[in-house]
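Since the structure comes first, as structure tokens, the remarks are kept for the end.
Chain letters run A, B, ... following the sequence lines, proteins first, then strands; residues in each count from 1.
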Amino acid sequence: MTLEEAQGATEEEQQAQSKKGLKKQQKEAEKAAKKAEKQAKLAADQQSTEEDDFAKDRYGVPAMVQSQQKLDRVLVRIQDFTPEKADQLIWLRARVHTSRAKGKQCFLVLRQQQFNVQALVAVGDRASKQMVKFAANITKESIVDVEAFVRKVEQKIESCSQQDVELHIERIFVISQAEARLPLQLEDAVRPDGEGEEEGRATVNQDTKLDNRVIDLRTTTSQAIFRLQSGVCMLFRDTLTKKGFVEIQTPKIISAASEGGANVFTVSYFKTSAYLAQSPQLYKQMCICADFDKVFCVGPVFRAEDSNTHRHLTEFVGLDIEMAFSYHYHEVIDSITDTMVQIFKGLRDNFQTEIQMVNKQFPSEPFKFLEPTLRLEYTEGLAMLHEAGVEMGDEDDLSTPNEKLLGRLVKEKYDTDFYVLDKYPLAVRPFYTMPDPNNPKYSNSYDMFMRGEEILSGAQRVHDAQLLTDRAIHHQIDLEKIKSYIDSFRYGAPPHGGGGIGLERVCMLYLGLHNIRQTSMFPRDPKRLTP
Amino acid sequence: MPMYQVKPVCGSHMKTDLPTCMYKLPNVHAQQGDSSTAEHALQNGDVDPAVKALEARQDEIMRKLYDLKAAVEGLAKTVTTPDADLDLTVSSSLSSQSPTSTSTTFKGVTDLDKLLGKDLGALRDIVINANPAHPPLTLLVLHSVLCQRYRVLSTVHVHSSAASVPPQLLSCLGPRHADSYARQMFQLGFTLIWKDVPKLQMKFSVQNMCPVEGEANVARFLFKLLSPYPSDPAVATLVDSWVDMAFFQLAEGSAKERAAVLRALNAALGRSPWLAGPEFSLADIACYCCVLQGGPASSTPSNVQSWIKSCDNLGHFSPAKLFLK
């Protein structure tokens with residue numbers, strides 16, 4: 001370029017620059033002006049807030065509770081908030097379920113387990129604007145201590161469990177703050193699947209729920225399920241104790257796999273390895289041979305089955321029963337079925353609130369049963385299946401679809417969700433099952449079904465060492481591995497029988513749920529080891 | 001009776017020194033072996049065997065007299081009860097149930113396989129759902145008759161929907177059969193479930209039959225297992241109409257309806273010994289149970305009362321009467 005052109009260019013540039021520069025400067029000036037405005041406003045606000053915050057000591061985040069002092073304060077439970085408590089000043093500790101600001105008021109819903117109540121902070125002579133703002137900004141699921149007046153309301157608050165009262169907050173302190181972003185929202189976790197699809201609202205995936213079990217267990221449905229499960233365990237213990245059973249605890253680290261050996265977990269045991277017990281079978285029987293007569297045991301059971309189904313876990317709680325009988329193994333069946341019926345009755349009579357709560361999210365038919373329990377023979381079951389068109393041999397085992405079909409047929413004819421199928425073919429049962437005395441094709445064994453799914457497998461056990469050895473040889477089992485088992489029957493063993501149920505499966509089937517992970521607090525399956 | 005005893009004046013074993021210089025004569029008072037025991041005064045309370053024999057004969061005669069009396073009473077009942085060949089109340093109390101006793105009352109041959117479908121090697125179970133507030137007496141009666149005819153496995157269950165059920169309802173089908181652990185050994189199953197149902201219901205073969213509703217219809221089904229309906233359609237219709245009248249008007253009707261039915265019963269029983277002609281039928285069972293359920297028979301007409309007595313004599317209705325007590 002020539003010098004003149006260059007000069008001309010720079011002049012133009014300068015001119016352009018100055019135009020651009022002007023524009024830029026203008027923009028910057030605008031920005032600065034806006035910023036100054038904002039800052040002035042903030043400053044003004046802050047000044048006003050700082051000026052007017054007369055309620056500063058009535059809210060806030062106090063120091064972490066490290067047991068600094070022992071307060072004599074009585075905290076009232078939300079379920080006790082009824083119109084009788086109107087106009088009382090009380091303290092409570094609860095979680096913030098929701099908080100919503102509306103102008104000069106902030107509505108909070110405070111929750112304790114399945115109960116919740118509406119609470120209100122309003123700008124007035126007790127609460128300042130800053131306090132209301134603070135309340136509105138408390139993150140969900142934080143734990144707060146609240147002092148409030150209980151006030152009656154004229155219109156029922158439909159969305160809360162305590163519908164007749166609300167709290168007018170005097171003081172509110174955050175004891176434990178929850179993070180702002182929660183991995184899942186409780187309302188979504190409780191929403192029934194159908195409703196979620198219809199209204200386009202979110203429901204929570206089961207895996208998400210299981211990964212964040214701590215939050216998922218806070219929902220009303222989960223609380224109800226696990227309270228019911230606790231009830232099942234309690235009824236099981238109480239019923240059996242009344243019948244004269246003794247509770248035992250059996251070892252879970254064992255030296256040899258009892259039932260075949262395919263599905264056991266191995267653990268390293270000092271210089272050798274050991275196995276985790278598949279079932280307390282062996283030890284229950286040894287207790288009977290040790291004259292305990294009637295025993296039961298509640299404990300974990302470990303099955304290394306690589307089944308990813310709706311009803312299999314690798315670790316579950318087993319409720320096992322074993323008893324000596326006088327002349328016929330039906331005495332054992334009667335005892336077990338009576339225990340189950342007492343459990344069902346106890347749940348039906350004492351846990352209706354929990355059952356209804358679960359039904360809100362997972363609707364199902366109430367559980368029906370007969371007393372005394374219906375007992376059908378395997379041949380009858382086969383006849384019913386044949387009638388329905390299923391091709392099955394006399395000595396075949398029932399497949400899962402056939403079990404479900406049979407369950408439906410029995411439900412149609414007898415209207416019961418719980419029944420016993422007796423006299424299974426010998427070929428499909430383990431080697432320690434006592435054969436039928438009159439017909440060698442069959443055995444003295446039985447299965448119990450709830451809603452068409454098997455919950456218990458039991459039998460009269462072989463209590464004679466010689467017969468046991470013969471049966472083991474017939475099943476091609478290495479006698480060396482079960483030597484200690486056979487030895488327990490050499491010193492006088494009474495005729496006995498029993499069976500075991502899975503706690504999670506019984507709960508799942510009683511409530512009509514569809515996945516066993518819903519009834520296991522921290523489930524273990526081939527793909528899940530945490531939490 | 002022994003006479004009062006006097007102590008012997010002198011001991012019986014007094015030793016006497018007999019003089020040896022006199023000649024001896026045999027002792028007049030000595031015991032003489034066998035012949036004279038009867039003449040001795042009996043001092044030990046022994047009973048004369050002849051008296052024993054006499055007493056035995058008397059007992060025998062009394063026993064025969066009692067037997068004769070019972071037989072005559074039985075005959076008297078049979079004579080007044082039309083159509084019964086033997087007095088079942090006596091026979092049932094004396095000996096165990098024999099299958100032939102009912103074949104005299106229910107004539108006609110029935111084949112379970114034809115009625116209930118092929119025997120698939122498993123127990124054929126009839127399930128009846130009844131409301132404990134309205135126990136079905138007719139079915140209890142038919143059940144006891146069925147038990148006499150076939151090997152029936154009877155069980156009673158209480159459904160979870162029913163509130164507590166009084167114990168007499170739990171034992172209404174009689175004591176548990178000794179072989180009840182082996183279901184295959186029975187020809188027929190009779191399962192009674194006390195349940196909160198609006199109407200009595202029976203289920204048998206879920207695939208082939210819809211449930212049968214109403215006590216009248218279930219009674220007809222069960223009766224056909226015992227003997228076929230009369231082949232004459234007029235008689236069959238008569239039986240059916242009496243059954244329906246029993247269940248709709250006697251059991252569930254107002255007092256006026258009941259009175260009307262009782263009058264009709266009276267008229268019919270004046271003409272024939274049983275309601276449907278010369279033979280005992282389902283109509284009699286149904287009407288008897290419904291009349292009985294209505295309460296004590298103070299105002300029932302005379303024919304009806306004698307008919308009730310005849311029904312009693314037949315002995316089938318004892319479960320119903322036991323139940324109502």
Inset, instruction - Return the minimal non-hydrogen interatomic distance between B:Ile193 and A:Tyr414, and the atom names on each side. - result: CD1-O, 3.8 Å
Inset, instruction - Considering non-hydrogen atoms only, spot the tightest contact between B:Arg183 and A:Leu376 and give its length. - result: NH2-CD2, 3.6 Å
If you count heavy atoms of other groups shown closer than 6.0 angstrom to [atom1] of [X], is the number above 12?
X: A:Lys441; atom1: NZ; answer: yes
X: A:His328; atom1: NE2; answer: yes
X: A:Glu391; atom1: CD; answer: no

Quick check: do [X] and [Y] have side-chain heavy atoms less than 4.5 Å from each other?
X: A:Glu387; Y: B:Asn208; value: yes
X: A:Arg375; Y: B:Thr155; value: no
X: B:Lys195; Y: A:Leu370; value: no

Inset, instruction - Ignoring hydrogens and angles, tell me if any N or O in the side chain of B:Ser160 forms a donor-acceptor pair with the backbone of A:Lys368 under 3.5 Å. - result: no
Legend entry - Under 3.5 Å donor-acceptor, A:Lys413 side chain and B:Asp125 backbone: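 Indeed, once roles are kept as given, a pair shorter than 3.5 Å links the two residues.
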Inset, instruction - Measure distances from B:Val165 to the heavy atoms of chain A and classify the residue's part below 4.5 Å as side chain, backbone, both or neither. - result: neither
Inset, instruction - Name the member of A:Ile333, A:Leu374, A:Leu409, A:Asp415 that forms the most heavy-atom pairs with chain B at distances under 4.5 Å. - result: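 Going by pairs under 4.5 Å, I would pick A:Asp415.
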Relative to chain B, which segment of [X] carries a heavy atom at a distance below 4.5 Å: side chain, backbone, both, or neither?
X: A:Arg348; value: side chain
X: A:Leu382; value: neither
X: A:Tyr378; value: neither

Legend entry - A:Thr373 OG1 to B:His157 NE2 distance, which is reported to the nearest 0.5 Å: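 That separation rounds to 8.5 Å.
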Legend entry - Sequence-distant partners of A:Asp464, salt bridge (charged side-chain N to carboxylate O under 4.0 Å, His left out), two or more places apart: none
